[in-house]
Amino acid sequence: FLILAYAAATLSKWNLGCVGSRVGVTFAGIVSIGMAIASAYGLCAYLGLFFSPLMNVLPFLLLGIGVDDMFVIVNAYDNEVSRDPVERMGQSLRSSGMSITVTSLTDVVAFLIGSSTSLPALRNFCFYAALGIFFDYVYQVTFFTAFLTLDERRKANNKGDCFFCLDCPPQACCRCCSPGKSEKSLLQRGMGRLGSGLRHRIVKYSVLVFFTVITIMGIIGCVKMEVDADVNNFIPDGSYLKGWFADSDTYFTESGDSVELYSKATLDLAADDAKLRAASAAFKANDYIVENTVRSWVDDFYTYRTALGGVTSANYVSTLNTWLANAGARYLNDVVFDDETSPTSITTTRIHGNHVKATKSKESVTAMDSLRADIAAVSGNENGVIFAYGRSWLDYEQYKTIDAEAIRNISVTLAACLVIITILIVDPKTVFAVFLALSMIFVNIVGFMHFWGLSIDSVTVIMLVIALGLAVDYSA
């Protein structure tokens, strides 16, 4: 509603009185944006791209880009002098069409490049956004421009806005609706004064110094930016969960996320479980594992069968079954048998443990890589029949790749935008100014994220992709 009110107030020609109102035109523009959102969602669903909560951000992105396209088209239309609405619209699209084509094309390319990420949710979001922007462009240059032309015919016939079946007499019904003498809107006059002020040399130098300082601060922030994820950022204030996480971090400071050591069916434990025992020892000895949290069935069973004596590969499985049913009952869920084979074989096993408590995402990634390396280095495990994995490692993998992917996607996208802008705009000075603006925008966004206490995570990367789309749109 606020966007509708703002756009209607800005697009209307108040100097023409009540007949100059453009509430209907604004509503048509919002409808075209809604059509673009529906078209993008529908086509992506048809293509099998899953919908995630991240897509809820997309309407706001398309709303910003779509309303900007509306302003560009209407402003170009108002600056044309032809009397025939159709001819006037054609002439206005000659200038505004290039602008929205450049911005829409660069936005689509930016999001398509972002879809090359290995993060599935971000990849699908980029596909949804690229299609949404494409459909928004199509509907703006067809549906919206057609409605704007019809609205101009309504104005020429002195019909009311929205209620176009009613006459709107030239005489104003009240003073606020009286036609003004100025041909420019309040926003145009305000921007005109701003432009006039920027022409003074002292103002130019001041602006350059100000933005140079801002950019230097942004570069400093970029250097200090870290990859980190805090679950509290996703929990609303006042939730009991925040208190629970805070107390957990305060009182339970040694043990962190759980992790397990698994063996595959191709490991013949009955013939030789020494590999798994060696892996268990490496598991315990790892610097990022709390040793007293390790629960190893193979070590306890080795102690049992050594004391029992007479255990061979032929009776290994049956002895293990007996032990699990009695003294080793706590490990009953850690060994999976295949009863359909003859003799019974072991399908998979697991050994439990906990990582050392990590306070930073970087520490978690280091712990994961260290444990993987130690298990891979176990003699006889060259083919990976024994491996470590934890439920939290899915997040660790994200922490490990997200910074490199963010840098790669943004760099490639900026390069692609430079190529597209160069081809479509041609003028070297304008191309340089637009690309410099884009680069400064991103340096400052990332840099000041650090000063605002933010970090690189799955959410901020998506926001950076959105910011790239909006920056290209408004700069170009």
Side-chain angles (χ1 to χ4, degrees), residues 118 255-308 311-321 323-324 328 330-358 361-401 404:
S118 61
S255 298
D257 295 324
S258 61
V259 62
E260 287 79 37
L261 192 65
Y262 294 91
S263 66
K264 297 181 180 179
T266 51
L267 178 62
D268 189 358
L269 291 172
D272 182 15
D273 65 1
K275 293 179 184 177
L276 186 57
R277 286 188 281 113
S280 176
F283 188 51
K284 292 179 181 179
N286 185 267
D287 293 337
Y288 297 95
I289 294 294
V290 181
E291 185 177 357
N292 59 16
T293 64
V294 175
R295 293 187 291 113
S296 174
W297 73 268
V298 71
D299 291 335
D300 287 357
F301 179 64
Y302 179 75
T303 302
Y304 167 80
R305 68 185 177 87
T306 300
L308 182 65
V311 179
T312 64
S313 59
N315 63 1
Y316 184 94
V317 173
S318 59
T319 305
L320 176 59
N321 250 321
W323 178 70
L324 290 174
R330 66 172 182 153
Y331 298 114
L332 188 61
N333 294 324
D334 295 333
V335 182
V336 179
F337 296 96
D338 185 358
D339 296 325
E340 295 181 1
T341 61
S342 182
T344 300
S345 61
I346 299 174
T347 302
T348 184
T349 69
R350 65 182 177 183
I351 297 171
H352 297 273
N354 287 82
H355 280 299
V356 173
K357 190 83 169 183
S361 298
K362 186 176 181 180
E363 297 173 4
S364 299
V365 172
T366 303
M368 177 182 68
D369 290 343
S370 173
L371 183 56
R372 276 180 173 165
D374 285 356
I375 300 303
V378 172
S379 178
N381 193 34
E382 292 78 11
N383 55 356
V385 292
I386 303 170
F387 65 95
Y389 185 76
R391 289 181 179 272
S392 56
W393 279 21
L394 185 62
D395 294 328
Y396 296 179
E397 290 286 0
Q398 176 182 291
Y399 306 151
K400 184 177 180 178
T401 60

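Note that this is a predicted model, so its numbers are computed, not measured.
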S.K.: Rounded at 0.5 Å granularity, tell me how far OH in Tyr316 sits from CG in Leu269.
M.R.: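 Separation between the atoms: 5.5 Å.
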S.K.: When you measure from the side chain of Thr348 to the backbone N and O of Ala265, does any donor-acceptor pair fall under 3.5 Å?
M.R.: no
S.K.: Taking all atoms of both residues into account, what is the closest heavy-atom pair of Tyr331 and Ser296, and its distance?
M.R.: OH-O, 3.7 Å
S.K.: Please check this pair: side chain of Asp334 against backbone of Thr349, looking for a donor-acceptor N/O pair closer than 3.5 Å.
M.R.: no
S.K.: Can you name the nearest heavy-atom pair linking Asp374 to Ala282, along with the distance?
M.R.: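 The answer is O-CB, 4.2 Å.
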S.K.: Which atoms form the tightest heavy-atom contact between Leu261 and Phe283, and what is the distance?
M.R.: CD2-CB, 4.1 Å
S.K.: Where do Lys275 and Gly380 come nearest, in terms of heavy atoms and distance?
M.R.: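 Here Lys275 and Gly380 meet closest at NZ-O, 3.6 Å.
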S.K.: How long is the straight-line distance from OH of Tyr396 back to OG1 of Thr366, given to the nearest 0.5 Å?
M.R.: 11.0 Å
S.K.: Is the shortest side-chain heavy-atom distance between Trp323 and Val335 below 4.5 Å?
M.R.: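 No, side chains not in contact.
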S.K.: Under a 3.5 Å distance rule, please check whether Thr293 uses its side chain to pair with a backbone N or O of Ile289 as donor and acceptor.
M.R.: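 Side chain of Thr293 to backbone of Ile289: no pair is present.
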S.K.: So, the side chain of Asn381 versus the backbone of Ile386: is there a donor-acceptor pair under 3.5 Å, distance only?
M.R.: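 Yes; judged by distance alone, with no hydrogens or angles, the pair exists.
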S.K.: Taking atom NZ as the centre, does Lys362 end up with more than 12 heavy-atom neighbours from other residues, nucleotides or ligands that are less than 6.0 angstrom away?
M.R.: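 Counting other residues, nucleotides and ligands, NZ of Lys362 stays at 12 neighbours or fewer.
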S.K.: Considering only heavy atoms from C-beta outward, does the side chain of Met368 approach that of Tyr288 to under 4.5 Å?
M.R.: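 Of all side-chain heavy-atom pairs linking Tyr288 with Met368, none is under 4.5 Å.
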S.K.: Can you say whether the rings of Trp297 and Phe301 are parallel (under 30°), tilted (30 to 60°) or perpendicular (over 60°)?
M.R.: tilted
S.K.: Quick one: pull up OG1 in Thr303 and CG in Leu308 and give me the separation to the nearest 0.5 Å.
M.R.: 12.5 Å
S.K.: Taking C-beta and beyond as the side chain, do Asp299 and Arg277 meet within less than 4.5 Å on heavy atoms?
M.R.: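 Side-chain contact under 4.5 Å: yes.
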S.K.: Can you tell me how far the CD1 atom of Ile346 sits from the OG atom of Ser263, to the nearest 0.5 Å?
M.R.: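 So the CD1 of Ile346 and the OG of Ser263 are separated by 7.5 Å.
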S.K.: Partners of Asn315 by side chain to side chain contact (heavy atoms under 4.5 Å, CB included), sequence neighbours excluded?
M.R.: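 If we apply the side chain to side chain contact (heavy atoms under 4.5 Å, CB included) test to Asn315, skipping adjacent residues, the hits are Val311, Thr312, Ser318, Thr319.
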S.K.: State, with a plain yes or no, whether a side-chain heavy atom of Arg305 is found less than 4.5 Å away from one of Leu320.
M.R.: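 When only atoms from C-beta onward are counted, Leu320 and Arg305 do not touch, as no gap falls below 4.5 Å.
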S.K.: What distance separates Arg391 CZ from Ser258 OG, expressed to the nearest 0.5 Å?
M.R.: 8.0 Å
S.K.: If I compare all heavy atoms of Asn354 with all of Gly256, which pair ends up nearest, and what's the gap?
M.R.: ND2-O, 3.1 Å
S.K.: How close do Ala388 and Trp393 get, counting heavy atoms only, and between which atoms?
M.R.: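 What the structure gives for the nearest pair is O-CZ3, 3.0 Å.
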S.K.: Taking side chain as C-beta onward, heavy atoms only, is Phe337 less than 4.5 Å from Thr347?
M.R.: no
S.K.: Test Ile375 against Asn286 for side chain to side chain contact (heavy atoms under 4.5 Å, CB included), laying out the working first.
M.R.: CA-CA 9 Å; Ile375 300 303; Asn286 185 267; over 6 Å; no
S.K.: Decide yes or no on side chain to side chain contact (heavy atoms under 4.5 Å, CB included) for Asp300 and Arg330, but give the supporting numbers first.
M.R.: CA-CA 11 Å; Asp300 287 357; Arg330 66 172 182 153; 3.4 Å; yes
S.K.: Any side-chain to backbone donor/acceptor pair from Ser392 onto Asp257? Under 3.5 Å, distance only.
M.R.: no
